[in-house]
Every structure is written in structure tokens, then in C-alpha cells.
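Side-chain atoms are counted along with the backbone in the values below, which use heavy atoms only and exclude waters and symmetry mates. Everything numeric here is computed off the predicted structure, so don't read it as measured data. Positions are given from 1 along the sequence.
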Amino acid sequence: MSHATPHQPSGTTPAHATHPHRHDPGHAAGDQADFLDLEATVLAEDTAAVIAWLPLKTAPRHIVDLGCGTGAGTLALLERFPSAEVTAVDTSAAHLDRLRQKAAAAGAAGRVRLVHADLDATPWPGLGTPDLVWASASLHHMADQGSALRTVYALLAPGGLFAVVEPAGSPRFLPPDAPETAPGLEERCHATVAHHHAAHVPHRGADWGAPLTGAGFTIDDERRRTIDVGPDRSDAVGPYALLSLRRMRGSAAAALSAEDLTALDRLLDTGGPHSILRHPGLSVRTERTAWAARRP
């Protein structure tokens with residue numbers, strides 16, 4: 001088992017939905033798609049690094065991307081494996097439509113099969129017999145993870161690989177002593193929505209090693225990466241932080257003090273001097289863990 005050293009990604013190509021990339025209640029599909037696109041750009045280098053790390057015996061020819069969202073994993077996999085075709089599965093038609101447009105723009109439309117399906121439904125749609133199944137930030141949203149793991153095991157070709165990539169939790173954007181008028185504001189905002197996450201995504205940040213082996217897989221390797229990327233590394237950092245805090249405000253506002261709400265609104269005021277877009281300590285800080293699980 002290997003653990004990567006802290007790494008600062010940048011890139012040009014994911015938290016995530018409450019269901020395999022279904023938009024959060026209260027957020028429009030377009031808003032969620034924009035969020036996933038920004039997240040994908042910020043995490044692009046890490047996504048590419050995880051794909052390069054996968055202990056594949058041969059280059060896969062057929063890949064299934066479970067909970068593909070707007071296509072961060074799909075497009076990175078197509079780039080890494082130019083002879084492969086990807087079956088991209090998601091419950092959001094809007095996300096799949098955006099992925100369709102991206103694949104066409106990349107000249108890869110003929111290599112992507114889009115499947116609109118709810119992965120909590122039984123049985124799953126026919127997805128073929130892939131050499132590689134990719135699930136990034138989607139497994140913890142599924143209603144019955146054990147059933148999903150067993151279904152993936154049956155789906156894979158013998159010797160095939162299941163790549164699971166999961167975030168440790170929500171990203172952070174500001175230093176602990178920020179902002180100046182309300183130090184620790186970001187952590188207090190996260191604390192106010194923790195009960196929602198505990199109820200709706202209790203498996204976020206879980207260790208998937210034991211469930212994977214329990215479903216019959218052999219863990220070939222595990223990789224934990226610490227991510228810290230600032231605006232100098234990706235132009236998407238500021239917009240991603242801004243949209244993330246806007247979404248959090250909608251959930252946390254009722255529980256925040258008047259002082260905290262005022263400080264948060266100052267961060268969200270893009271025309272003001274205290275905007276998060278101008279904060280000198282702005283960066284995206286998070287952790288992701290990847291498991292490479294093989295069907296014997």
C-alpha cells in the first residue's frame with residue numbers, strides 16, 4: 001500500500017452531489033453542473049495522477065464511469081487511454097448533456113456511450129463487461145453500497161480493476177484565522193451543516209478497504225493525497241470557492257450569528273474589498289483517497 005506525499009495540483013479539466021451526481025436539493029441543475037466543472041478543473045492534476053497510478057496490467061479497452069457527473073473522470077480516462085471507450089453513467093440528464101458537448105468538443109464523441117440511470121435502482125442497466133470501472137466521489141452517495149460493490153464485482157471482467165476515489169470531506173478555502181472580523185468562520189459554517197451530511201451522506205470519508213474485500217475484491221493498492229492548490233495554480237480556484245460558499249450560505253445562514261453572516265456576505269460580495277476572490281490566503285485544501293481493487 002502506498003500513500004502519496006502532499007501534492008499541489010493544477011490542471012485544465014469532484015463533492016459532490018447527494019446521490020451519484022444528482023444535484024443537491026435547492027440547487028438548480030445548471031448550478032450543480034457548474035460546481036462540478038469548477039471542481040474538476042481544480043482537481044484535474046490529481047485525477048490524472050490517480051489514473052496514471054492505477055496498477056493496470058494492460059491498457060483497458062472498455063471503461064465504465066459510475067456517477068460520471070459532467071465528465072471529469074470520463075474525459076481524463078479517454079485522454080489517458082486513447083484506444084478505450086467509456087460508458088458514462090449518471091442519474092442527471094443535464095450532466096450527461098454537458099458531458100456529451102464536452103466529448104464532442106474534444107473529438108471523442110464516438111468513444112463515449114452515455115447511460116441515464118439511477119444506480120440505486122435494481123437491476124442496473126446493461127453496461128457490458130468492462131476492464132476498468134471508475135467511481136470518483138460517487139460511491140458514498142449510493143443507498144446500498146454493499147449491493148453496488150457486489151454488482152461492480154459481477155460486472156467486471158476477471159482480472160479487471162475497480163478504481164474508487166473518495167474525498168475525506170468538504171474542501172476548505174481560508175486559513176483558520178480568517179476572515180479578520182470573524183476568525184474560524186469557515187469551520188463554524190461547516191459545523192452548522194454537519195448534521196445534514198451525517199444524515200444524507202454518512203459514508204463520506206469512509207475507509208472502503210474492508211467493504212471492497214468483503215465484496216470479493218483484492219486491494220492491489222491504496223493512495224492518499226493531500227491537495228492544496230491556490231489561484232496561481234488554477235484560475236478555477238476563486239470561482240469554485242465562491243460558488244461553494246454561496247451554496248453553504250443557503251444551508252447555514254439560519255444557524256449563524258449576525259456577525260458571522262455579515263462576515264460571510266462580505267466574502268461573497270465580489271465587488272467588495274473583502275471578497276473571497278481577493279483574499280490573500282485563498283486556496284483549495286482537501287484530501288482524496290483512492291483504492292485499486294481487483295476482481296481475481
About how many Å separate [atom2] of [Y] and [atom1] of [X], when rounded to the nearest 0.5 Å?
X	Y	atom1	atom2	answer
Phe81	Arg111	CZ	CZ	11.0 Å
Arg188	Asp260	CZ	CG	4.0 Å
Asp65	Thr87	CG	OG1	9.5 Å
Arg223	Leu54	CZ	CG	9.5 Å
Thr151	Leu155	OG1	CG	8.0 Å
Leu77	Glu79	CG	CD	10.0 Å

Side-chain contact, heavy-atom cut-off 4.5 Å: [X] with [Y]?
X	Y	value
Val164	His140	no
Glu259	Thr262	no
Leu149	Leu139	yes
Thr226	Asp228	no
His190	Ser170	yes
Trp208	Glu222	no
Leu243	Pro239	no
Trp53	Asp221	yes

Open item on the list: Here's a test for you: under side-chain contact (heavy atoms from CB on, under 4.5 Å), which of Leu282, Ile276, Leu38, Val237 qualifies with Leu242?
Closed with: Ile276
Taking all non-hydrogen atoms of both residues, which atom of [X] and which atom of [Y] are closest, and how far apart?
X	Y	value
Pro175	Gly281	CD-O, 3.7 Å
Cys68	Leu99	SG-CD2, 3.9 Å
Pro130	Val133	CG-CG2, 3.6 Å
Tyr240	Pro171	OH-CG, 3.5 Å
Pro183	Asp177	CB-O, 3.7 Å
His95	Asp90	ND1-OD1, 3.8 Å

- [ ] Evaluate the side-chain contact (heavy atoms from CB on, under 4.5 Å) criterion for residues Glu166 and Trp291: first the C-alpha distance (whole Å), next the side-chain angles of each, then the deciding distance (0.1 Å), finally the verdict.
- [x] CA-CA 9 Å; Glu166 286 286 333; Trp291 292 263; 4.0 Å; yes
- [ ] Count the heavy atoms belonging to other residues, nucleotides or ligands that lie under 6.0 Å from CG of Asp269, then report whether that count exceeds 12.
- [x] yes
TODO: Verify the neighbour count for atom CZ of Arg61: are there more than 12 heavy atoms of other residues, nucleotides or ligands below 6.0 Å?
DONE: no
Donor-acceptor contact below 3.5 Å, side chain [X] vs main chain [Y]:
X	Y	value
Thr192	Cys189	yes
Arg225	Asp46	no
Ser275	Gly271	no
Arg295	Val152	no
Ser234	Ala236	yes
His274	Leu267	no
Arg294	Gly159	yes
Glu287	Ala168	no
Arg113	Glu85	no
Arg172	Arg285	no

Open item on the list: Please determine whether salt bridge (Lys or Arg N to Asp or Glu O under 4.0 Å) holds for the pair Asp131 and Lys57, giving the CA-CA distance in whole Å, both sets of side-chain angles, and the decisive distance to 0.1 Å.
Closed with: CA-CA 10 Å; Asp131 313 296; Lys57 297 178 180 178; over 6 Å; no
Open item on the list: One thing to verify: whether Asp37 and Lys102 come together as a salt bridge, which I'm taking to mean a side-chain N less than 4.0 angstrom from a carboxylate O.
Closed with: yes
- [ ] Decide whether Arg233 and Ser283 meet the rule of one side-chain donor and one side-chain acceptor closer than 3.5 Å.
- [x] no
- [ ] Check whether the side chains of Thr129 and His62 place a donor and an acceptor atom closer than 3.5 Å, and report yes or no.
- [x] no
- [ ] Any chance you could lay out the side-chain contact (heavy atoms from CB on, under 4.5 Å) test for Leu156 and Phe217, step after step, and finish with the verdict?
- [x] CA-CA 11 Å; Leu156 270 169; Phe217 290 98; 3.7 Å; yes
TODO: Apply side-chain contact (heavy atoms from CB on, under 4.5 Å) to Asp31 and Arg247, showing your working.
DONE: CA-CA 9 Å; Asp31 175 89; Arg247 289 155 57 98; 3.1 Å; yes
Open item on the list: Trp134 vs Thr47, test: side-chain contact (heavy atoms from CB on, under 4.5 Å). Steps then yes/no.
Closed with: CA-CA 11 Å; Trp134 172 267; Thr47 297; 4.1 Å; yes
